[in-house]
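A quick write-up on the structure given underneath.
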Amino acid sequence: MPVSIQFRQALGKLVLPALILVACGVILLGKADRGLIEKLRMNTADLLAPAYGLVAWPQEKLRWVSGNLQDIRNLEAENIRLRAENVSLRHWYDVAAALADENATLKANLHWIPDNAPTFVSGRVVRDTSGLYARAVLLALNPDTAVRKGGIALDGAGLVGRVTEVGRRSARVLLITDSSSRLPVTLESSHAAAIMAGDNSALPRIIFYPQDNVPIEGERVVTNGEIESLPAGLPVGHVHYLRPGQPVVVPAADLDHVDMLRVFDYEDSVVPPDAPGRVPLPAGGGAMPLPAHPDQGLHG
Amino acid sequence: MKTFTPPPIRPGIHPRSGLGYRIDHGVRSSVPFLFVFFVTLVLSAPLNLPGQVELMPAIIMATIFLWSVFVPALMPSLAVFVLGIWADILSFGPAGVMLLMMLIVHGVALSGRYTLARVNFFILWLVFGVVMVGVTALQWVLCCALALHIVEFLPFVFETVLAFGSFPVLYTGFVWTYRFVVNNADRA
């Protein structure tokens, strides 16, 4: 259909405002239907995961080689340090062995119910999806592995984060440093419960700690069994004061270079029984029997 | 009966046509689009570059700005829209914000191009800086509004500074690409 030049020009001028309106629509859609956008992104990430793996491989090799070279340079100093450390570790090994023995004996006497071992899968981190607003990594997974939303990701040293989105070949792990991450923790020496709140910086803050029991510099921070999918006692890091009155957690896990992660499934580890939350009333519908009124009062 | 055909104005010089020429021309004119497309793709890969996250919007915005000012035919609004969706899919931020920023930069460049294409390079640089400040401020406001809490604004400042700093490099790249890649087909 032939259209006049004027009409075509007018149409051309309308394209950009229309597209800007569509962009606003996309923003609203992303807010209203989070699932759709997430699905789209995870599908794309799934498609690109092998390519990202290819990019990550030479980097890892390079880091390995450079690490090796550095090791060779520091060999002498390292050896001296390791010997000293070995002596100290040998001592701690004896202590640990004695304590393990004692613990086993005590548990045997107590009819201790052993914890069931959690299942886990390991995966390679193919991409750091941290942006201006989020701290997260993308994990490549075998399509057969059953990783669920809410899985707990650890590296060799401590807690890294939680699985928030699961695709067919990849899963997104929200790091503990993300600003939307809030985890209940226990401070090991002061035995205080607190919340570790990420704020997109490298050191998550400690908030809601008891004011009469403040965190001690350097004490270990472990998870606390308050939420079902996260068991108590996983190592998180240690307390550090940036300035007086501002305690933060220095994560034990190396969150700058996460390359291997284990994702644990604690989903049905400890489920509290259904509790009505009150004392059942005695049968018969009567009120609780009160203790007999002492008649021998002042007037009696 | 013979139909009349006018004699060629300059005999011997014909615009080349045919499949090869059209493919060549098509590839050359889609260079800006492909550049932004692959920059987005590569910078979303785990390269562990310092400031990689902030570099992506910086390069995208400067490229879109330059092509929209000087050669809007090769950076039409629809292409910017497609690139915006692509950047949004790869960036895991709040959906649509990058798209909106790119369209706004494109719109500003397009509406001011008759002035901007003639001004001194340094003034163009300054204008781009101002546009970037405005767009990044909008991004920060939108991010705060969508996340329902105040997002730290230092990374956004860093993004603006990075975009401002990388503009001359991208300008050089743009001039080179325009002269030797896009236009070469008509000269050779």
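What's counted below: heavy atoms across the whole structure, side chains too, no hydrogens, waters or symmetry copies. All of these numbers come straight from a predicted model, not from anything done at the bench. Labels below follow one simple rule: chain letters A, B, ... track the order of the sequence lines, proteins then strands, and each chain is numbered from 1.
Among B:L41, B:D88, B:L154, B:L142, the residue making the largest number of heavy-atom pairs under 4.5 Å with chain A is B:D88. Chain B forms the most heavy-atom pairs under 4.5 Å with one residue out of A:V15, A:D256, A:L29, A:V55, and that residue is A:V55.
Within the 4.5 angstrom heavy-atom criterion, only backbone atoms of A:D199 (N, CA, C, O) approach chain B. Within the 4.5 angstrom heavy-atom criterion, atoms from both the backbone and the side chain of B:L90 approach chain A.
Distance OG/A:S180 to CG/B:L148: 12.0 Å, rounded to 0.5 Å. Note that CG of A:L19 and CG of B:L100 are 11.0 Å apart. Values are rounded to the nearest 0.5 Å.
Heavy-atom neighbours of B:F158 CZ from other residues, nucleotides or ligands within 6.0 Å: above the threshold of 12. Within 6.0 Å of atom CG in B:L34, more than 12 heavy atoms from other residues, nucleotides or ligands are found, so the atom counts as buried in its surroundings.
B:L146 has its side chain within reach of A:K31: a pair of non-hydrogen atoms, C-beta onward, lies under 4.5 Å apart. Between A:S179 and B:H149, some side-chain heavy-atom pair lies under the 4.5 Å cut-off. A:I27 places none of its side-chain heavy atoms less than 4.5 Å from the side chain of B:P94.
Taking both residues in full, the closest heavy atoms of B:A95 and A:G30 are given as CB-CA, 4.0 Å, listed atom of the first, atom of the second, then distance. Nearest heavy atoms, B:S44 versus A:Y52: OG-OH, 2.9 Å.
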Output a table of donor-acceptor pairs, distance under 3.5 Å, between side-chain atoms of residues 105-112 of chain B and any protein atom two or more places apart or on a different chain; print 'none' if there are none.
from	atom 1	to	atom 2	distance (Å)
B:H106	ND1	B:S68	OG	2.8
B:H106	NE2	B:S77	OG	3.1
B:S111	OG	B:G107	O	3.1
B:S111	OG	B:V108	O	3.0

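Contacts between residues 37-50 of chain A and chain B, counted as heavy-atom pairs separated by less than 4.5 Å, involve A:I37, A:L40, A:R41, A:M42, A:T44, A:L48. Contacts between residues 118-128 of chain B and chain A, defined by a heavy-atom separation under 4.5 Å, are made by no residue at all. The interface of residues 238-246 of chain A with chain B, defined by heavy-atom distances below 4.5 Å, is empty.
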